[in-house]
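Computed from a prediction, not measured in an experiment: that's the story for all the values here. The sequence lines fix the lettering, A, B, ..., with proteins before strands; numbering per chain opens at 1.
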Amino acid sequence: MLDLKYVLANLDAVKQNCRDRNVSTEVLDDLDRMAVLEDERKTLLQQVESVRRRQNEVAQATGKEKDAEKRTELVAEGKRLKAEVAESEDRLKVLESELKSKLGRVPNMTHADAPRGATEDESRELRKWGTPRTFDFPAKDHVELGKALNLIDFESGAKVTGNGFYFLKNDAVLLDLALQQFAVKTLVAKGFQPIITPDLARNHILEGIGYNPRGPETQIYSLEDSDLSLIGTAEITLGGMHADEILEESVLPLKYVGVSHCFRTEAGAAGRASKGLYRVHQFTKVEMFAFTVATVEASSAMHQELLAIEEEIFSGLGVPFRVLDICSGDLGGPAYRKYDIEAWMPGRGENGEYGEVTSTSDCTDYQSRRLNIRYRPTGQKGTKFVHALNGTAIALSRALIAILENYQRSDGRVDVPEVLRPYVGKDVIG
RNA sequence: GGAGAGGUGGCUGAGUGGUCGAAAGCGGCGGUUUGCUAAACCGUUAAGGGUGUCACAGCCCUUCGGGGGUUCGAAUCCCCCCCUCUCCGCCA
């Protein structure tokens, strides 16, 4: 969430940002209401505090008073004050929770250079890498390849778990593990600390990161009779790792590479063009996560670093891709700026299409404010909220699509990308 | 899963109804000493919020795992939850 003081002091800019971000008009109405609520809250707070002050005085005086009669009087006053303050405190709590819930719906501000626009078509293509391959034989998509080479078993996945689940088999397993190794080793060499995170997290951690575990549109599987949910990404667990902590500035930036399973209900995604591994309920992901000091310069620089690593990984794999600077209207709530990499997928659409394989977001202090992750700037008083960034190193399901489809051979088998051969242990699979 | 012991500031750790936002140590910061470093010594050092100020200062409120409760008054007593440790059980 944003800082309420910032919101109220920059109301016009925040409103314009909400329009750029394509959020519901309800949020705009809330913004006007919030100024009123905050005034009310402050007035009430001052009232409550002055009564509490008198309460404290009375309580202290009572302890010191030796005279029984005077003591009885003080106790009586204390009782009166307690009753007096109770109602105001309740109203104060109501106001605070209303403000907090309204504030939670206001999206992060947007980087000045991010393209403004309502829909994903208005995102800006920054560059392309590689040339989509032309096939001198009928190219297959990954579903056909997976079936023909006995690599991916959607039928068993549906039987055992349901639609959207799958079994990886044989060389697909080696390829999957090879990609994880490749990604983690690449990141470790760049100073990222490797982490395997839990696949479940408490709901308040999910909420802090910006996911709503409940409601009809939720992407999140939650566990009945608990406050736990299956994570949709290791961003949740890595971000939550330092919740409620005050870090020393000297430890920043913190850079993590996390491996986890990811679970998504894909509610509301039914009917959207997707087949095979592209939109599934469970996949494995190697995720980058970083905390920096609280300046846009620091987090923007880290953001570029994360993007560069993503590009390095996909160019290393030899998969053609393009880089998008995501437009304001297509940013999620916490993101200040977001870049996607879309890899060329020959089996997608009529004659191949780019499909999203990574996404990296600079969330500035939007998540850390809610998760209460601060640092102590050296030589300064007080604390600041860290900036948090995340980015996909490899999402296994989609990376498999890109590799199978781009590296297929006329004999129906699939070449293993050069960089993965040491991990897979062979040059060709299938 | 059962039994017991715990959770206190950046860290370790004292504190069992008022004089406690909280001893002591460590760490941090400032200083003295010093050729430099280290050591020693002196001082200082929680967070959030309100008010106030050009900005400081000051004054006030809240916070001792989280949430409720008892009380004029709670770190301290009671209830629920979370977590940690020890022992037992179970188990990969």
Query - Between B:C82 (P) and A:I205 (CD1): distance, integer Å - result: 16 Å

Query raised in the report: What is the pairing partner of B:G30, taking Watson-Crick or G-U wobble pairs with both distances under 3.5 Å in any strand?
Result: B:C42

Requested in this report: Under 4.0 Å between any heavy atoms, over every strand shown, what does A:K82 touch: base, sugar-phosphate, or nothing? Just pick one.
Outcome: base

Query raised in the report: Taking protein heavy atoms under 4.0 Å as touching, what does nucleotides 57-62 of chain B look like 5' to 3' if B marks base contact, S marks sugar-phosphate-only contact and - marks none?
Result: ---SBS

**Report entry** For A:K275 against A:D141, the heavy-atom pair lying closest together
**Finding:** NZ-OD2, 2.8 Å

Query - Euclidean distance, atom CD of residue A:E40 to atom P of B:G50 [Å, nearest integer] - result: 16 Å

Requested in this report: Write down the distance separating the C1' atoms in B:G68 and B:G15, rounded off to the nearest Å.
Outcome: 25 Å

Requested in this report: Using atom CG of A:L74 as one end and atom P of B:U71 as the other, report the distance to the nearest whole Å.
Outcome: 18 Å

**Report entry** Rounded interatomic separation in angstrom, taking CG from A:L247 and C1' from B:G9
**Finding:** 16 Å

Query raised in the report: For the pair made of CD in A:E248 and P in B:C26, what is the distance, rounded to whole Å?
Result: 17 Å

Query raised in the report: Do A:E310 and A:Y339 have side-chain atoms, one donor and one acceptor, less than 3.5 Å apart?
Result: no

Report task. With RNA chain B as reference, determine whether A:K93 or A:R71 sits nearer its 5' end, using the nearest nucleotide of each. Result -> A:R71

Requested in this report: Give a yes-or-no answer on whether the side chains of A:K285 and A:T233 include a donor-acceptor pair shorter than 3.5 Å.
Outcome: yes

Requested in this report: May I ask you to say what A:R80 touches in the nucleic acid, namely base, sugar-phosphate or nothing, with a heavy-atom cut-off under 4.0 Å?
Outcome: nothing

Requested in this report: Using atom types as modelled and distance alone, determine if a side-chain donor or acceptor of A:S50 lies under 3.5 Å from a backbone N or O of A:Q47.
Outcome: yes

Query raised in the report: How many Å lie between CD on A:E249 and P on B:C29, as a whole number?
Result: 12 Å

Query - Qualifying residue for side-chain contact (heavy atoms from CB on, under 4.5 Å) with A:I373, from A:H242, A:H387, A:Q367 - result: A:H242

Query - Aromatic ring pairing A:F165/A:H281, orientation class (parallel under 30°, perpendicular over 60°, tilted between) - result: tilted

Query - N/O (side chain, A:K5) to phosphate O (OP1/OP2, B:G50) under 4.0 Å - result: yes

Query raised in the report: Hey, does A:K384 reach any base, or is it just sugar-phosphate, or nothing, if we go heavy atoms under 4.0 Å?
Result: nothing

**Report entry** Distance test, side-chain N/O of A:R376 to OP1/OP2 of B:A47, below 4.0 Å
**Finding:** yes

Query raised in the report: Starting at CD of A:Q60 and ending at C1' of B:G17, how long is that distance when rounded to a whole Å?
Result: 14 Å

Query raised in the report: Atom CD of A:E77 to atom C1' of B:G73: distance rounded to whole Å?
Result: 13 Å

Requested in this report: Would you mind telling me which of B:G18, B:A47, B:G73 lies closest to the side-chain atoms of A:T383?
Outcome: B:A47

Requested in this report: Report which part of the nucleic acid A:G78 touches: base, sugar-phosphate, or nothing (heavy-atom distance under 4.0 Å, all strands).
Outcome: sugar-phosphate

